[in-house]
Amino acid sequence: MEKQGPIGVFDSGYGGLTVLAELRKKLPHQDFIYFGDNARAPYGNRSFDVVYEFTLEAVKFLFEQGCPLVILACNTASAKALRTIQQKDLPLLAPNNRVLGVIRPSTEVLGERTKTGHVGVLGTTGTIASQSFPIELSKFAPDTVVHQLACPMWVPLIENQQYEHPAGRQFIAEDVQAILAKSTQIDTLLLACTHYPVLQQQIENLVGPTIQVVPQGPIVAEKLEAYLVAHPEMSARLSKNGEVAYFTSEATTIFNERASSFLGGQVSALHHSF
Ligand code: DGL
């Protein structure tokens, strides 16, 4: 029988940790390997080709670590690299392995969350420019109107832990005002970048109680659980000891310190660079 392996979780940096935390809550028996490409983050302003190249390297690395299934816990990578990897690379690299993203699961449920039919989507420049959210959402909730805003400063503010400084708060407040100015009917704001859940409280304070702020982690966890039920052949290939290992392309001391603030527990990462 084939050796079982963990689920790989990839992000450009720390953002995917917000998804990993929800995956571990929902699927506590599964093993996970997290890889953060922190040395090359952020990806948000990078070109299509570069995001694809970096993401493919990460997927290959996670396959080498024995992961039969990899989650791109990064909207930018999901928007710019997922389809090419699924259609072009996977059949050559490892046809029985799977790579899944975070955009499709979010758009599957977003239409059910809004009462007014107007949703706001906040993401990186790359994610918003890709139009992935309006395109995907039109398949599941064609009547939903999508108002998008790129927030290029948010990932750097989060990666550098400056989102609670006055200048950081000012940037965030201006962007929140800018998306709300697009329509008075917005009642749902999707945090379409896995870094943004650390700003959830700050954003909720800005928008008030009539607008729901939706992070992706719980949605992705619920959809992954359903995927594993629907794909017992994949579930059988996954190891289940409740363990998690972390890799970063940055210095591990930096990663361990900052990752702990995302996860609220001690992390001891290993280094991997390309
Ligand atoms: N967490 C990534 C996302 O969801 C951040 C991208 C970046 O590195 O800019 O898009």
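Quantities reported herein were computed from a predicted structural model and do not represent experimental measurements. As the structure lists them, so they are numbered: ligands from 1, and atoms in each ligand from 1.
Atom 5 (C) of ligand 1 has its closest protein heavy atom at H195 ND1, 3.4 Å. Annotation: atom 6 (C) of ligand 1 to nearest protein heavy atom, T76 OG1, 3.3 Å. Residue, atom and distance of the protein heavy atom nearest to atom 3 (C) of ligand 1 are N75 N, 3.3 Å.
Atom CG in L189 sits 10.5 Å away from atom OG1 in T114 (nearest 0.5 Å). Note that CD1 of I128 is 4.0 Å distant from CD of Q148, once rounded to the nearest 0.5 Å.
The atoms of ligand 1 that sit less than 4.0 Å from any heavy atom of S12 are 5 (C), 6 (C), 7 (C), 8 (O). Which parts of ligand 1 touch C193 is read off a 4.0 Å heavy-atom cut-off, strictly below it: atoms 1 (N), 2 (C), 3 (C), 4 (O), 5 (C), 10 (O).
Of the N or O atoms in D11, one or more lie within a sub-3.5 Å distance of an N or O in ligand 1. Some N or O of G44 is nearer than 3.5 Å to an N or O of ligand 1, by distance alone. Here's the thing with T124: none of its N/O atoms is less than 3.5 angstrom from an N/O atom of ligand 1.
Taking the six-membered ring where tryptophan is involved, the planes of H147 and H118 are essentially parallel, since the angle between them stays under 30° and well short of 60°. Using the six-membered ring where Trp is involved, F274 and H272 have ring planes that are perpendicular, over 60° apart on the 30 and 60° scheme.
With ring centers used as reference points, F171 lies 6.0 Å or more from Y163. Checked against a 6.0 Å centroid threshold, the rings of F247 and Y34 do not count as neighbours.
The pair E22-K25 counts as a salt bridge, with a side-chain nitrogen and a carboxylate oxygen less than 4.0 angstrom apart.
For G13, the heavy-atom gap to ligand 1 stays at 4.0 angstrom or more.
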